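Below is one structure, written out as structure tokens; the observations come after it.
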Amino acid sequence: MFSLKGKKAIVTGAAQGLGKEMARALHAAGAEVVILDVSDLGKEAARELGKEDAKVHFVKGNLLDRENLISSFKEAVEKLEGRVDILLNSAGVIERKRAMDLSLESWDRILEINVSAVFQLSCLAADIMINQGSGKIINMGSILSFLGGYNAAAYSTSKGAIAQLTKSLSNEWAGHGIQVNAIAPGYMSTSMNADIKNDEVRTPQINARIPAGRWGTPEDVAGVAIFLASAASDYVTGVVIPVDGGVLGR
Ligand SMILES: NC(=O)c1ccc[n+]([C@@H]2O[C@H](COP(=O)([O-])OP(=O)(O)OC[C@H]3O[C@@H](n4cnc5c(N)ncnc54)[C@H](O)[C@@H]3O)[C@@H](O)[C@H]2O)c1
């Protein structure tokens, strides 16, 4: 039920962090994977992960550039020989600043990578998945899909939008055998949080809010990614699943 043998997946932002760990999990479950990332670390990640039967490829692509997004997506599809069973949109960026210190350029960049690129990639993938009659699209929300956050106005706006986009695309494509869902991680130990992880003021405040008593790890999101990528979730669509050690329930 959880096997991904023979499945083909594109994972954006998988050069490092949560994306890399989810790409590792999909591959370990049997999928052939393309890592699509702007960072050259993706090449090393593909080499590191691609030790089993199925291949792991790297395609360099900048999701800030709409033309490059299309050409890198096409390159990824070519590597997968025309089939896309799973699109996992993990690439994302944050800037922690007071709203009045956040430039409009930063606002546009965050919304472009975190929302518009997810929309564009999802449509490109759905075009293929509708012809296949099946597909899984997995987006990365956040606890800030639900909460307003602090000093992260553009980021929480983008993650709120991801929750709505996930439901909206699910409504359109569920009848074509495509499930569109999102994962909403809490406080995870990745480079995205390096600045607040060691902040004398913020770290104790955050720690006190996590019922599980610890920050999440990239491994903590891997199981949910496999669930949402596999036949186990064929009747699950349009939902945002928190993986947050209990933060939202507090
Ligand atoms: N780390 C957390 O605590 C946390 C919490 C909630 C949600 N998330 C979400 O999970 C996802 C992954 O986060 P992470 O912690 O792994 O982040 P990360 O910073 O470790 O990795 C992000 C990846 O996205 C890639 N990327 C950035 N801009 C890109 C662009 N223009 N084109 C292509 N690739 C680009 C980076 O190169 C990097 O490999 C993001 O969407 C993030 O918002 C993370």
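Being a predicted model, the structure only gives us computed values, none of them experimental.
Here the closest heavy-atom approach between residue A154 and residue L102 is recorded as CB-CD2, 3.7 Å. For I178 against S134, the heavy-atom pair with the smallest separation is CG1-C, 4.3 Å. Nearest approach of M192 to Y155, heavy atoms of both residues: SD-OH, 4.0 Å. In plain terms, the two heavy atoms of R209 and V247 that are nearest each other are O-CG2, 3.8 Å. Here the shortest heavy-atom pairing between L88 and A225 reads CD1-CB, 4.3 Å. When all heavy atoms are compared, the tightest approach of A23 to A14 is CB-CB, 4.0 Å.
Under the 4.5 Å side-chain heavy-atom criterion for grouping Ile, Leu, Val, Met, Phe, Trp and Tyr, V38 is not connected to L36 through any hydrophobic cluster. Note on L147 and V240: same hydrophobic cluster, where clusters join Ile, Leu, Val, Met, Phe, Trp and Tyr whose side-chain heavy atoms are under 4.5 Å apart, directly or indirectly. Cluster annotation: L169 is not connected to I113 through the hydrophobic network of ILVMFWY side chains, with a link wherever side-chain heavy atoms come within less than 4.5 Å. Residues M188 and I196 do not share a hydrophobic cluster, defined by chaining ILVMFWY side chains whose heavy atoms lie under 4.5 Å apart. Both V243 and F2 belong to a single network of hydrophobic side chains, linked directly or stepwise wherever heavy atoms of I, L, V, M, F, W or Y lie under 4.5 Å apart.
Remark: side-chain polar atoms of S158 are not paired, donor with acceptor, to backbone N or O of V115 under 3.5 angstrom. No donor-acceptor pair closer than 3.5 Å links the side chain of D108 to the backbone N or O of E105. Panel note: side chain T203, backbone E200; no donor-acceptor pair is recorded below 3.5 Å. Distance alone, capped at 3.5 Å, is enough to place a donor-acceptor pair between the S145 side chain and the K159 backbone. In this structure, S168 contributes its side chain and Q164 its backbone to no donor-acceptor pair below 3.5 Å. With K8 contributing its side chain and L80 its backbone, the two residues share a donor-acceptor pair below 3.5 Å. A donor-acceptor contact shorter than 3.5 Å links the side chain of S170 to the backbone of G238. H27 contributes a side-chain N or O that, together with a main-chain N or O of L49, makes up a donor-acceptor pair within less than 3.5 Å.
Interatomic distance, S116 OG to I110 CD1, rounded to the nearest 0.5 Å: 12.5 Å. In this structure, the separation between CG on D220 and CG on L18 is 9.5 Å, given to the nearest 0.5 Å. The CZ atom of R250 sits 9.5 Å away from the CD1 atom of I210 when rounded to the nearest 0.5 Å. Note: S156 OG to N151 CG = 10.5 Å, rounded to the nearest 0.5 Å. Here D65 contributes atom CG and I70 contributes atom CD1; the two are 9.5 Å apart, rounded to the nearest 0.5 Å. Atoms CG and OG, on N68 and S72 in that order, are 5.0 Å from each other to the nearest 0.5 Å.
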> Does the pair Q179 and L228 meet the rule for a side-chain contact (heavy atoms from CB on, under 4.5 Å), with working shown?
Replying inline: CA-CA 8 Å; Q179 291 82 50; L228 292 177; over 6 Å; no

>> Quick one, Y187 with I143, criterion side-chain contact (heavy atoms from CB on, under 4.5 Å). Give me CA distance, side-chain angles, the key distance, then yes/no.
In response: CA-CA 8 Å; Y187 296 100; I143 50 173; 3.7 Å; yes

> side-chain contact (heavy atoms from CB on, under 4.5 Å) between M22 and M140: does it pass, once the steps are laid out?
Replying inline: CA-CA 11 Å; M22 292 188 288; M140 292 307 278; 3.7 Å; yes

>> Go through it in stages, so that I can follow the logic: the residues are Q16 and S191, the test is side chain to side chain donor-acceptor pair (under 3.5 Å), and I'd like the CA-CA distance, side-chain angles, deciding distance and then a yes or no.
In response: CA-CA 9 Å; Q16 62 177 44; S191 57; 2.9 Å; yes

>> Quick one, I162 with V118, criterion side-chain contact (heavy atoms from CB on, under 4.5 Å). Give me CA distance, side-chain angles, the key distance, then yes/no.
In response: CA-CA 8 Å; I162 282 297; V118 172; 3.8 Å; yes

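Residues L63 and L69 meet the side-chain proximity criterion, which asks for heavy atoms closer than 4.5 Å. With a 4.5 Å cut-off on side-chain heavy atoms, L121 and T12 count as touching. Between V224 and V221, the closest side-chain pair of non-hydrogen atoms is not below 4.5 Å. Side-chain contact between L87 and S122: present, with at least one pair of heavy atoms (C-beta onward) separated by less than 4.5 Å. Within the 4.5 Å cutoff, no side-chain heavy atoms of I183 are placed close to those of I241. You'll find the side chain of K20 stays beyond 4.5 Å of the side chain of P218, heavy atoms only. At a threshold of 4.5 Å between non-hydrogen side-chain atoms, the residues D244 and F146 do not count as touching. In this structure the side chain of V84 reaches within 4.5 angstrom of the side chain of M129, judged on heavy atoms.
Atom CZ of R98 is surrounded by 12 or fewer heavy atoms from other residues, nucleotides or ligands within 6.0 Å. By the 6.0 Å contact criterion, CZ on F119 is open, its count of non-hydrogen atoms from other residues, nucleotides or ligands being 12 or less. Residue-environment remark: NZ (K7) stays at or below the threshold of 12 foreign heavy atoms within 6.0 Å.
Shown are T237, D85, D234; of these, the side-chain hydrogen bond (donor to acceptor under 3.5 Å, both in side chains) with K136 is made only by D234. Each of N139, N181, N171 was scored for a side-chain hydrogen bond (donor to acceptor under 3.5 Å, both in side chains) with T166, with one residue passing: N139.
A salt bridge does not link D199 to R96: none of the charged side-chain nitrogens sits closer than 4.0 Å to a carboxylate oxygen. Taking the charged nitrogens against the carboxylate oxygens, K79 and E32 have no contact shorter than 4.0 Å, which rules out a salt bridge. Salt-bridge formation is detected for the pair R66/E112: a Lys NZ or Arg NE/NH1/NH2 atom is positioned less than 4.0 Å from an Asp or Glu carboxylate oxygen.
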